[in-house]
Amino acid sequence: MNRETIVSRLTGDECIHVRHESGLEIYIMEMEGYHSSFALFGTKYGSINTRFRLKGEADYAEVPEGIAHFLEHKLFENEDCDAFAQYAKTGANANAYTSFDRTAYLFACSENFNESLEILLSFVQAPYFTQESVDKEQGIIAQEIRMNNDEPGWRVFFNMLRAMYHNHPVRIDIGGTEESIRKIDADLLYRCYNTFYNLHNMVLSVAGNVKADEVLAICDKLLRKCEDQGLEEVFPDEPDTVAEHYTEVCLPVGAPIFNVGFKLKPKSGKELLRAELTAISLLDVLLGPSSGLYNELLQEGLINSEFDVDTPFTGSGFFCLSCGGESRQPETVRDRIIAEIERAKKEGFSAEDFERTKRVHYGDMIRSCGNVEANASMMLNAFMNGLQPFDSIEVLADITYEDALQFLREEINTEMNVLSVVRNQEATSCRR
Amino acid sequence: MHGILIQAGAAAGDAIEGDGCSIRLRLLLVSRYFALMEGVNDLEEIRQDLGEQFGLFTVTEPKFKTGTLTVMLLLPIIPEKNAAYALALSLLTQSCRKYPDTAAMTVRLDNMYGASLNSSVSVNGNVMQLMISGSTIANRYALHGENLAREMSELICDCILDPNAENGAFKESEFKIQKQELLDTIDAEINNKRNYAFLRAKKTAFAGEPDAYPVYGTREDALRLTSEEVYAAYEEILRRAAIRIYYVGPEPEPQLAETFSAAFAGRERSPEPLVYYAPSPCKPEPVTVREPMDVTQSKLVMVFKGSGLPTEAFRMMSAVFGGTPFSLLFMNVRERLSLCYYCSSWLMTGKDAMVVNSGVELANAERAKEAILEQLAILRQGDFDDALLENIKQSMVNALRSIGDTPNSCISDMYERFYRQDDADVETRIQRYLAITKEDVSAAARAVRLDTVYLMQQEGDAQYE
């Protein structure tokens with residue numbers, strides 16, 4: 001078992017990293033003076049991982065969309081009882097989530113941390129699926145899909161992705177579709193579980209009122225050694241272009257809501273981190289609340305304070321910058337955003353403003369460091385993205401104005417834009 | 001329960017037992033004091049009296065990497081003034097004389113390492129809560145030796161007492177923007193269907209009471225407002241409101257008392273008594289409201305009312321009923337019967353009301369309602385596992401012991417102890433929860449009855465009776 005302490009050069013915060021003999025990567029941050037603790041047990045398996053093969057297999061398997069999320073639901077039930085019922089005895093607040101490229105099981109508590117950790121490590125390693133319980137879950141997940149379809153903020157974002165990507169599975173809702181989840185059965189769940197829940201593909205991240213030695217003792221007791229299966233994933237070829245520039249849906253909403261997105265070439269590892277941090281500061285300078293454009297649009301009544309620049313949306317094979325909010329004239333807002341980006345490409349932008357937004361993101365990172373949940377999530381995200389904890393704050397410090405200008409000129413192609421709009425059913429275009 | 005993350009994220013006509021649904025009002029008057037108090041989870045709270053219903057409450061805890069300063073302006077609710085008060089508050093935090101527009105204010109906050117400055121409007125009992133809150137990183141992380149807590153207190157004073165106004169009116173350009181914001185906020189209430197269903201249920205459940213009125217006012221109220229009227233509302237807030245200032249951060253900030261005392265010196269103040277406990281009378285028969293909407297999942301909201309319920313038992317009852325993933329509603333209505341995607345309960349303690357919220361298929365709505373009432377009947381009879389009560393207690397203890405790990409949780413706890421007039425420390429509160437018996441929980445369940453059923457009805461052929 002390799003154990004190392006990773007220290008942040010800038011804040012002095014530190015965490016322990018262990019490569020456990022079972023194959024699992026473990027990150028632990030002991031936070032003195034805190035009462036609460038937070039644990040995440042995650043796998044690099046999300047909604048986009050639908051084509052894969054293991055070492056020695058000739059062909060790639062293709063599975064229905066939404067299976068990672070389905071598996072997340074089902075894993076809480078094991079042969080003897082429900083994991084929630086076990087957590088109930090420790091008082092921990094437990095949950096789980098599935099995103100495009102990861103699934104994580106978590107709990108927060110201020111008492112009985114070790115007992116809750118034992119529950120977490122045990123139930124995630126003990127799948128138990130029957131066709132009967134799978135059939136029942138299909139109804140529950142269909143309800144969840146329908147509920148999300150009623151949420152305008154959800155629809156406007158996913159419609160933008162669907163318009164942006166031709167083939168990449170990121171264009172499909174994380175939960176899949178009602179049709180795709182009907183194809184899921186117990187055998188498929190076991191197959192995906194055995195592929196992606198191998199400990200070599202997973203991470204445990206804990207922070208707060210915890211003792212590293214106790215955490216590691218529980219890991220030694222409960223983790224089952226895995227062989228690395230040589231997992232290979234493949235994604236369909238994705239052109240640089242967008243599939244459609246405009247998409248619209250009609251729902252019961254107040255003012256129309258919109259997302260403007262730009263498709264960028266995907267990146268990975270530290271290159272991706274650097275690109276993300278550069279993009280965050282750059283878009284803040286060009287489109288954020290202190291920018292000239294934001295205030296012009298506000299004064300002209302074209303946006304309101306709901307307008308916001310999103311965190312870059314990135315992962316295996318996708319990279320998208322977006323912003324959005326409420327507007328009665330979303331097409332005009334899109335055109336003005338594109339014009340501002342093109343202007344900045346030619347004329348540059350204020351270096352002073354860029355340094356100021358970097359300072360804001362430095363402040364954001366410091367704020368996160370004082371939060372138990374944020375620290376556990378930071379360590380998990382670092383693993384998922386092939387990085388070290390604290391890399392973000394250190395990479396941010398190194399980014400220069402020149403880097404940002406180069407990124408703007410070379411990476412953002414405004415022709416690769418998508419406008420997604422949710423209009424009220426009373427709108428003219430909806431009544432046609 | 002479970003979730004998807006986007007990265008980068010009583011039976012109708014049931015007899016009521018207990019003390020029925022009478023209205024009792026508890027007046028809460030703030031006394032003057034300067035004291036050191038046992039705070040939350042070993043943190044020491046310093047209380048300073050700055051004037052009539054005007055207090056400063058601070059907690060210093062070196063482990064924090066941020067400091068949060070919250071000013072609460074608390075006044076008896078006058079529903080028809082909700083829109084004016086909400087608009088005044090947003091004007092105060094979007095700009096001030098020194099930073100006269102969004103851009104200037106944003107630059108100021110950016111220079112404070114992306115400090116946050118937010119405002120919120122909410123109702124608690126018969127009290128309107130207007131809150132302005134700013135958060136900064138700890139001074140030790142400032143790269144040029146800035147005193148960020150001091151800068152934040154000065155900025156908040158500027159916002160509250162030196163607004164972007166002249167000749168008795170807010171500056172027209174900012175007023176126009178913020179008025180449109182308010183209208184958009186009111187229009188956007190329909191966007192979040194779960195919350196919208198609750199607001200619609202509240203309108204029926206508390207008809208004729210302040211809670212029935214939208215917290216931001218109506219569209220018509222907002223449209224009518226002029227800059228002069230909103231400025232007058234602002235002056236009224238400063239005169240009528242009790243002021244509670246909370247600071248929780250890593251270092252002591254002794255200048256805060258002087259900063260706020262000096263800022264408010266010379267202002268005419270006549271704060272009014274606050275009524276946080278204002279239970280609502282039960283309707284003789286439950287009322288059902290159906291609202292068709294173009295949605296793919298219906299929303300069922302049920303409001304139950306009681307009166308004079310002991311807080312701990314009432315909370316424990318709601319938690320056993322539907323407050324956790326191992327409560328009766330989740331385990332039975334969702335998991336066993338698969339009747340809805342979510343089904344949970346929570347309390348409006350100042351109203352002695354319990355709300356059940358669920359997302360259902362229209363075809364299952366009636367069965368879901370019956371199943372929810374069935375679980376309440378089980379609770380009333382005490383026909384639930386002892387282990388469930390013990391587990392809920394464990395969950396309460398966990399939540400209470402987490403207080404004090406963030407500045408916001410400290411501030412929420414200090415404020416809650418104020419409006420509940422209960423200064424008990426965490427350990428005492430834990431002991432109270434641990435002492436609750438199954439019979440206490442059943443008695444609390446017997447003391448509520450169904451008042452309102454609201455159904456946001458999806459399109460389709462299924463019928464709901």
Side-chain angles (χ1 to χ4, degrees), chain A residues 32-36 69 72-73 84-85 88-93 95-100 109-111 136 139-140 143-144 146-147 149-150 152-153 157 174-175 252-255 289-290 295 298-299 301 304-305 311-313 326 356-357 359-364 366-367 369-372 425, chain B residues 1-9 41 61-66 94 101-103 106-107 110-111 113-115 135 137 141 173 177 180-181 184 186-193 293-297 324-326 334-335 338 340-341 359 361 388 391 394-395 397-399 401-402 404-406:
Chain A
E32 204 178 324
Y34 285 79
H35 296 93
S36 54
H69 175 243
E72 174 227 300
H73 273 237
F84 282 120
K89 291 176 190 148
T90 67
N93 186 4
N95 214 328
Y97 64 79
T98 307
S99 76
F100 289 99
C109 67
S110 56
E111 303 221 309
K136 193 178 122 193
I140 289 173
Q143 284 270 3
E144 185 176 358
R146 275 175 233 149
M147 182 180 77
N149 281 339
D150 284 338
F157 181 76
I174 293 165
V253 290
S290 63
N295 284 277
L298 198 62
Q299 295 284 346
N304 60 26
S305 65
T311 303
F313 178 68
E326 297 174 353
R356 197 186 68 242
T357 62
R359 178 189 277 218
V360 171
H361 299 304
Y362 165 75
D364 287 344
I366 296 292
R367 268 184 279 278
C369 291
N371 183 297
V372 170
Q425 291 137 317
Chain B
M1 248 35 60
H2 315 289
I4 283 176
L5 180 82
I6 300 174
Q7 279 153 288
N41 284 332
E61 167 51 59
K63 77 183 176 196
F64 291 137
K65 297 187 175 187
T66 58
Q94 288 301 310
D101 55 32
T102 302
T106 306
V107 169
D110 285 359
N111 283 327
Y113 302 87
S135 171
I137 59 171
Y141 294 108
S173 56
I177 291 170
Q180 187 56 50
E181 290 270 341
D184 288 345
I186 292 168
D187 289 345
E189 276 178 351
I190 198 172
N191 291 8
N192 182 333
K193 303 297 181 290
M293 194 166 288
D294 182 12
V295 290
T296 53
Q297 186 191 65
T324 76
F326 44 92
R334 178 186 141 134
E335 292 289 289
S338 300
C340 48
Y341 176 64
E361 275 297 298
L388 175 58
N391 293 342
Q394 192 65 55
S395 158
V397 171
N398 250 290
R401 287 212 207 280
S402 298
D405 272 1
T406 63

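Chain identifiers are assigned alphabetically (A, B, ...) following the order of the sequence lines, protein sequences preceding nucleic acid strands; residue numbering begins at 1 within each chain.
The closest donor-acceptor contact from the side chain of A:Glu144 to the backbone of B:Tyr341 lies at 3.5 Å or more, if one exists at all.
Between atom CD of residue A:Glu326 and atom CG of residue B:Asp184 there is a gap of 5.5 Å, rounded to the nearest 0.5 Å. Atom CE of residue A:Met147 and atom SG of residue B:Cys340 lie 11.0 Å apart, to the nearest 0.5 angstrom. With rounding to the nearest 0.5 angstrom, the CG atom of A:Asp364 is 5.0 Å from the CZ atom of A:Arg367. B:Phe326 contributes atom CZ, which lies 13.5 Å from atom CD of B:Glu335 (distance to the nearest 0.5 angstrom). Here the straight-line distance linking atom OG1 of B:Thr324 with atom CD of B:Gln394 works out to 12.5 Å at 0.5 Å rounding.
Checked against side-chain hydrogen bond (donor to acceptor under 3.5 Å, both in side chains), B:Thr296 has the following partners two or more places apart in sequence or in another chain: A:Asp150. Under the salt bridge (charged side-chain N to carboxylate O under 4.0 Å, His left out) criterion, B:Asp294 pairs with no residue, sequence neighbours left out.
Heavy atoms closer than 4.5 Å to chain A are found in both the backbone and the side chain of B:Tyr113. Both the backbone and the side chain of A:Glu111 have a heavy atom closer than 4.5 Å to some heavy atom of chain B. If you measure heavy-atom distances from B:Gln180 to chain A, the contacts under 4.5 Å come from the side chain alone. The part of A:Glu32 that comes within reach of chain B is its backbone (N, CA, C, O), which places non-hydrogen atoms under 4.5 angstrom from that chain. At a 4.5 Å heavy-atom cutoff, the contact between B:Ile177 and chain A is made by side-chain atoms alone. The part of A:Tyr362 that comes within reach of chain B is its side chain, from C-beta onward, which places non-hydrogen atoms under 4.5 angstrom from that chain.
The residue among A:Ala255, A:Pro252, A:Gly363 with the most heavy atom pairs within less than 4.5 Å of chain B is A:Pro252. Considering only heavy-atom pairs separated by less than 4.5 Å from chain B, the leading option among A:Ser110, A:Cys369, A:Gly370 is A:Ser110. The most heavy-atom pairs under 4.5 Å with chain A, out of B:Lys193, B:Lys63, B:Met293, come from B:Lys63. Here A:Gln143 is the residue among A:Arg146, A:Gln299, A:Lys89, A:Gln143 with the most heavy-atom pairs under 4.5 Å with chain B. For the set B:Ile186, B:Thr406, B:Asp405, the count of heavy-atom pairs under 4.5 angstrom toward chain A peaks at B:Asp405. When each of B:Thr66, B:Val107, B:Val397 is scored by its heavy-atom pairs under 4.5 Å with chain A, the top score falls to B:Val107. Taking chain A as the reference chain and counting heavy-atom pairs below 4.5 Å, the highest number among B:Thr102, B:Asp101, B:Ile137, B:Asp110 is found for B:Asp110. When the candidates B:Asn398, B:Asp187, B:Asn391, B:Thr106 are compared by the number of heavy-atom contacts under 4.5 Å with chain A, B:Asn398 comes out ahead. With respect to chain B, the highest number of heavy-atom pairs below 4.5 Å among A:Asn371, A:Leu298, A:Asn93, A:Asn149 belongs to A:Leu298.
A:Ser290 and A:Arg356 form a side-chain donor-acceptor contact under 3.5 Å, judged by distance and modelled atom types alone.
Across every non-hydrogen atom of A:Gly254 and B:Ile190, the tightest pair is N-CG2, 3.6 Å.
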